[in-house]
Structure formats: structure tokens, C-alpha cells
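The block underneath contains the structure these notes are about, expressed in C-alpha cells.
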Amino acid sequence: MKVLKFGGTSVGTAQRIQSLVKLVQGDDKKIVVLSAMSGTTNALLELCNLLYNKEHDAAHTAIEVLSNKYTQVVNELISTKEFKTRGAELLKNHFDYLRSFTLDMFTSNEEKAILAQGELLSTALFYLHLQELSIKAVLLPALNFMRLDENDEPQLPYITKHLHNELAKYPTTNLYITQGFICRNAFGEIDNLKRGGSDYSASIIGAAIDATEVQIWTDIDGMHNNDPRVVNKTHAIHALSFDEAAELAYFGAKILHPTCILPAQKKNIPVLLKNTMQPTALGTVISNINATEGIKAVAAKDDICAINIKSDRMLLAHGFLRAVFEIFERFKTSIDMITTSEIAVSLTIDNVKNLNEIINELQEFATVEIEHKQTIICIVGSLPKHTAGYAYKVLASLKDIPLRMVSYGGSSNNISVLINSAHKKDALVALNKGIFGYN
Ligand code: ADP
Ligand code: ASP
Ligand code: MG
């Protein structure tokens, strides 16, 4: 069985939804995972902010704007009177649910349930379209099988068991449709896999059913060597190893959710990145290959906080790092980059939820300086440690950019530098020239 995930732009209009039909048909069994239509999750987030601030009139207007958009989608997507009526009923159910929150009942607990409406709507509409075309399919509710544990990590054994139970109910079906992004947490409440999480859903589902392949369909022909939103010239990379792709995703290549490679990698399931608008383009195959040596791509991760921790020498040198790391561990805050000297350590985090508590504890034995608005630039490839020149090439390309931190040697897949975000564009352009020869 294969898993095919279609992102927001791939389901972004009625025409796009219609054009998916030919990509999902065929005799082989597949699970199709859909994101919300592009713009919907942002609109729902904005709605939650209005509800949170008790701006009920503005919330009402926001719901009607979104509802009108979906009414138009149904009109364009559906042809027959019978199915138009069913489409209108479907929208009424979802939007009446949203409207109920304008009656002063909103608490932040309901935010996740509101955000879930995007994927619930896109899958319901696609399923309705397939039914109108008399294409046999089954709509599987992701909330019946996608589950997080108490650390907010996917509970793979639970997901595997419950997804198999769902599939077993429809043994003769070839086409299953389900929602990306949404799940339940360890308490059974509606939750999600964070922004861009539908990629993660697809990979988790792939691992749960031992899929032969996970396909991520998006609006570009695969992973490119640099961020096409920032630099002018880029090219698609046709083959990446799991490790290379995981580094690129984690360090900011927006085409993939940061942790979505891992479930597929653990089960050795190839991940294909494909372009819905250009289905015949090669795209990128991410698999268990012996990667060819060299730098493949660069990516940038914004909103990084750098923390410089200088020991007051109350601790012995060998106890200092342990004391530092224990604090981050206790506050469940992962560290991305780290550099050390004899009496100080600089590290970066992207989750600043517990920053104040962390600083307070660090200050018991160290002087702490914080810098926000930092960006990690990650240079990824297969960079064997015995080969000279990679670090030189990177640093020479970045000769005009002030570097706050440099990390090399943690793995043979990446060289990372930390810079002030104000220099991000210049750094990506400089690397595009220095490494890939693009002017
Ligand atoms: P989807 O809605 O299908 O999940 P996303 O917007 O999340 O799509 O990801 C696709 C976008 O990622 C592309 O349109 C592109 O602008 C952006 N992107 C950023 N970095 C890269 C990269 N290195 N390679 C390809 N796309 C990238
Ligand atoms: N709809 C969610 C988002 O916009 C999940 C996804 O698109 O992958 O973040
Ligand atoms: Mg995405």
C-alpha cells in the first residue's frame, strides 16, 4: 500500500481538488492524506485570536468570509443538485460549529478543535466529489487512530493497531482518504502535529502500515538546493539520503515538516516529493542510499534564540556542561547548536516557552546573555570528515557575513552557522553563488 499526501496548494481550489482524482485512481491500494485548503489554517488561527480576545463581531465576520469561500468551492466542485445539497449541509455543520464559539463559549482548550476544521473540511469535500463521480472510496477519521503520548510524540503502536482496525472494516476498498495534521493527545483531546504537520501524518501512517512508498505532493518539483522564496536560481535535487533530508527538514527547508522523515526512515520506506502541477517532473526520492559525496543544499531556520552561558566558576569545569544540560532537559527544551570554550558555552533553542525559568536557574551558577532574532543556516550533504575543503568553501562563501556560531563535525551531513536574521538573505545568496555557482 502507498501513502499519498497532498498539501494546502494541491487542494487549494475546486479545480485543484478535481485534478487530484486522476492522481489517486488505480487498482493499487492507497491512503490519501489531505491538508487543509491553503489559507484555511491561518484563517482559523486568526479566528481563534479574535475569539480569545472576545472580539465576537469580528469573529462572526471572519467565519462568514470563510464560509462564503467554501460555498463558492462547493459550487465549482460539485455539479448535481443532489450533491450540491449534500455539500451545503456539510458546510452548514462545520460552520455552525464555528459559529457556536461566538456565543462566548471559547476557551483556549477549544483552539485545537477549531484548527482541525480545515482538514476535516478538505477531506469531506474531496470525498463528496469522489462520491459524485461514483469512485469507490472510504473516509477514515484520523481522530480515530492518530494519537500522541504524554511527551507529544506519536504513539506508533496505538496508531498501528487502530489504523489497521479502521482499514479492516473496508477490506475491498482501494482508496482511503484521511486528514493530515490532526490527532488526539494522550488525554484523548483533539490536538495537532504542529504547522505543516500533514507531512508528518503521511510518514507516520506510512510507518504504521509498512507502506511501500510515501509520496508528498506539493507545489514544487521536489527538494531544491536553496530556498526558492529567498534566492532567484535553484535546482531540484533528485536523490537524497534519509539523513540528508532529515537535516534539511529539521533546519528549515519548508517543503518538509521538521521531523517527518524519521518514521519513514525507521521503516526504510522511500519518500518521494512530487509536484501536483507537474506530475511528470522527477521530483526528489529520499531513501536509504549511499549519498554521493558533496554539498547538496542549504536551508535556513528562523526565530532562533542564542544563549551564552559563562561559568561563574562555582562549578568545576567538568560539572558545568552537565549542570547546563540538566536544566534544558528538565524544561523539555531541545538544543539545536552548541559551541564551547573553557569557561563558556553558547547554544541555541527555537522553543522559548520556558526561557525565563531556564535563565533563572542558569543564573545560579553562570552569567547569561540572550540574543533573539537569530537564524541557523544549515549546509547539508555528504561531507566525509577525511575530505578537505568543505568548511573552507562554506566559510569563504560567507566571508562578508558576521558569524555568531559555527558547528562542524557533529555528523558528516551538516555544517551549520548562526547569524543575525538580518543577514539571512545575503547569506543564502552568497552560498548560492559560492557553492552552487549561481549569480
Ligand atoms: P504544502 O502546502 O504542499 O505542504 P509547503 O508550502 O509547506 O507546501 O512547502 C512547499 C514550499 O516550500 C514551496 O512552495 C517552496 O517555496 C518552499 N521551500 C522552501 N525551501 C525549499 C526547498 N529547499 N526546496 C523546495 N521548496 C522549498
Ligand atoms: N493545515 C496545516 C497547516 O497549515 C497542516 C499542513 O498544511 O500540513 O499548517
Ligand atoms: Mg507543508
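Heavy atoms only: backbone and side chains are in, while hydrogens, waters and symmetry mates are out. Indexing begins at 1, ligand by ligand and atom by atom, following the structure's order.
Taking 4.0 Å as the cut-off, G252 does not count as a neighbour of ligand 1 on heavy-atom distance. Heavy-atom distances between G7 and ligand 2 stay at or above 4.0 Å for every pair. Note on ligand 1: N226 sits in its first shell, one or more heavy atoms being nearer than 4.0 Å. Under a 4.0 angstrom heavy-atom cut-off, G197 registers as being in contact with ligand 2. Heavy-atom distances between G196 and ligand 1 stay at or above 4.0 Å for every pair.
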Between T348 and Q374, is a side-chain hydrogen bond (donor to acceptor under 3.5 Å, both in side chains) present by the stated rule, with each step listed? CA-CA 9 Å; T348 70; Q374 304 291 302; over 6 Å; no
#### Entry: Stepwise side-chain hydrogen bond (donor to acceptor under 3.5 Å, both in side chains) test for D243 and S241
CA-CA 5 Å; D243 287 337; S241 70; 5.3 Å; no
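Shortest contact from atom 2 (O) of ligand 1 to any protein heavy atom: G8 N, 3.1 Å. In terms of protein heavy-atom proximity, atom 15 (C) of ligand 1 is closest to P228 CG, 3.9 Å. Annotation: atom 23 (N) of ligand 1 to nearest protein heavy atom, H224 O, 3.2 Å. The shortest contact between atom 1 (P) of ligand 1 and any protein heavy atom is with T218 OG1, 3.6 Å. Atom 6 (C) of ligand 2 has its closest protein heavy atom at S198 OG, 3.4 Å. Of all protein heavy atoms, the one lying nearest to atom 3 (C) of ligand 2 is R195 NE, 3.4 Å.
Nearest to atom 13 (C) of ligand 1 by heavy atom, out of D221, N275, I255, D219, is D219. Closest heavy-atom approach to atom 6 (O) of ligand 1 among the candidates K254, M37, H235, K5: K254.
Heavy atoms of H257 found under 4.0 angstrom from ligand 2: none, in either backbone or side chain. By the criterion of a heavy-atom distance under 4.0 Å, the side chain of I220, and not its backbone, is placed next to ligand 1. The proximity of R229 to ligand 1, defined as any non-hydrogen pair under 4.0 Å, is limited to the side chain.
Using a cutoff of 4.0 Å between basic side-chain nitrogens and carboxylate oxygens, K332 and E329 are not scored as salt-bridged. Using a cutoff of 4.0 Å between basic side-chain nitrogens and carboxylate oxygens, D191 and R184 are not scored as salt-bridged. With respect to E132 and R86, no salt bridge is recorded, no charged nitrogen being found less than 4.0 Å from a carboxylate O.
Remark: K301 is positioned above the aromatic ring of Y250, its terminal NZ or CZ atom under 6.0 angstrom from the ring centre and at most 45 degrees off the axis.
Polar contact with ligand 1: absent for S10 (N/O pair, distance under 3.5 Å). Backbone and side-chain nitrogen or oxygen atoms of G196 are examined, and one is located within less than 3.5 angstrom of a nitrogen or oxygen of ligand 2. Note: no N/O pair closer than 3.5 Å links K194 and ligand 2 by distance alone.
Residue-ligand proximity, G222 to ligand 1, at heavy-atom distances under 4.0 Å covers atoms 24 (N), 25 (C). Counting the atoms of ligand 2 from 1 in the order shown, those under 4.0 Å from a heavy atom of E119 are 1 (N), 2 (C), 5 (C). Which parts of ligand 2 touch S35 is read off a 4.0 Å heavy-atom cut-off, strictly below it: atoms 6 (C), 7 (O), 8 (O). Less than 4.0 angstrom separates some heavy atom of D227 from each of these atoms of ligand 1: 19 (C), 20 (N).
Across all their heavy atoms, S38 and K69 have their closest contact at O-NZ, 3.5 Å. Heavy atoms only, all atoms of each residue included: N174 and G26 are closest at ND2-O, 4.4 Å. Here the closest non-hydrogen pair linking V406 and V417 is CG2-CG1, 4.2 Å. The two atoms that bring A142 and Q179 nearest to each other are N-OE1, 2.8 Å, heavy atoms only. Considering every non-hydrogen atom in both L428 and N226, the closest pair reads O-ND2, 3.2 Å.
Screening K373, K254, R229, K424 against D302 for a salt bridge (charged side-chain N to carboxylate O under 4.0 Å, His left out) leaves a single residue, K424.
Classification of the F106-F101 ring pair by plane angle, with boundaries at 30° and 60°, yields perpendicular.
The main-chain N or O of F181 is never found under 3.5 Å from a side-chain atom of H257 such that the two would form a donor-acceptor pair.
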